[in-house]
Amino acid sequence: MTVRNRVLATVRQHSGKDALRTFNKHILNPAMLRIAGRRFCYAGVVRHTGRRSGTAYATPVVADRTENGFLVPLPYGTRTDWVRNVCAAGHAVLEVKGDTYRVTAPEILGAAAALPQARPSHARVWRRLGIEHYLSLTIEAGEPGSAPEKRPDQHE
């Protein structure tokens, strides 16, 4: 079955959110992986290993820098394969803005705990989109960038 046929079948059988997820998985994500993680791209790449298969995967994500790591919105919830893989392994590699980080200590946060850590402009958008869960990732100690970084919107 072609990708087009799989997408159409999903649209017919599932809710709009499932159809969007299928479209992203088979069409948008492969296209985004060509540019995600590069210096001027808003999207990053999470590189993770399958929890059962051991297969290496790459997933495009939005990653907002926090004091000790990154905050990743989870618009499809906490049960997506890539989130489950990262949580099971306890680590991943994140490529953002041309830099590569080894991240650890994945923790799923609710909006109330996560949004105060996000840039105000991102928090407003994510709140409007109704995103309820976020993945917090800590940059591994000793990695470049593991020291707290002053964000442009923070004041001393």
Side-chain angles (χ1 to χ4, degrees), residues 3 6-7 10 17-18 20-127 129-154:
V3 171
R6 279 186 284 183
V7 171
T10 300
K17 198 171 198 177
D18 287 339
L20 181 60
R21 184 179 306 148
T22 299
F23 174 80
N24 285 346
K25 182 177 182 178
H26 295 289
I27 307 294
L28 186 60
N29 287 0
M32 283 302 301
L33 283 173
R34 294 177 183 264
I35 60 169
R38 293 187 183 179
R39 187 169 180 203
F40 296 108
C41 185
Y42 73 90
V45 177
V46 173
R47 298 197 181 277
H48 54 97
T49 304
R51 61 194 178 284
R52 288 179 281 192
S53 67
T55 303
Y57 293 101
T59 304
V61 297
V62 173
D64 194 28
R65 184 76 156 96
T66 62
E67 185 176 336
N68 297 317
F70 294 92
L71 189 64
V72 179
L74 303 175
Y76 301 117
T78 60
R79 303 299 297 165
T80 58
D81 284 329
W82 79 265
V83 172
R84 293 167 56 188
N85 289 343
V86 171
C87 289
H91 61 85
V93 172
L94 183 61
E95 297 172 7
V96 179
K97 304 283 183 196
D99 294 319
T100 302
Y101 303 90
R102 182 167 166 81
V103 291
T104 61
E107 181 181 2
I108 294 173
L109 303 175
L115 291 177
Q117 298 178 47
R119 293 175 197 226
S121 59
H122 291 174
R124 278 191 302 275
V125 171
W126 296 340
R127 194 176 291 112
L129 292 173
I131 299 173
E132 297 175 7
H133 297 98
Y134 299 80
L135 185 64
S136 173
L137 298 164
T138 302
I139 297 173
E140 189 173 82
E143 283 281 301
S146 62
E149 178 183 281
K150 185 175 184 268
R151 292 192 328 223
D153 60 324
Q154 289 178 324

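Residue numbers start at 1 and run along the sequence shown.
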Looking at side-chain heavy atoms only, is the closest gap between P73 and H122 below 4.5 Å?
no
Under 4.5 Å between any side-chain heavy atoms of I139 and R65, yes or no?
yes
Is there side-chain contact between N85 and V46, with at least one heavy-atom pair below 4.5 Å?
no
Can you check whether W126 reaches V62 side chain to side chain, under 4.5 Å on heavy atoms?
yes
Kindly give the heavy-atom pair with the smallest separation between Q117 and T66, and that separation in Å.
O-CG2, 3.8 Å
Can you tell if the side chain of T59 reaches within under 4.5 Å of the side chain of T80, non-hydrogen atoms only?
no
Shortest non-hydrogen contact between P60 and L33, atoms and distance
CD-CD2, 3.8 Å
Partners passing ring-ring contact (aromatic ring centres under 6.0 Å, His included) against W82 (at least two apart in sequence or in another chain)
none
Minimum heavy-atom distance H91-P106, with the two atoms named
N-CD, 4.4 Å
Listed partners of I108 passing side-chain contact (heavy atoms from CB on, under 4.5 Å), at least two apart:
T78, V83, C87, H133, L135
So which heavy atom on A118 is nearest to which on L71, and how close?
CB-CD2, 3.9 Å
Would you call L115 and Y134 a side-chain contact if the rule is heavy atoms closer than 4.5 Å?
yes
All heavy atoms of C41 vs all of I35, minimum pair found to be CB-O, 3.5 Å
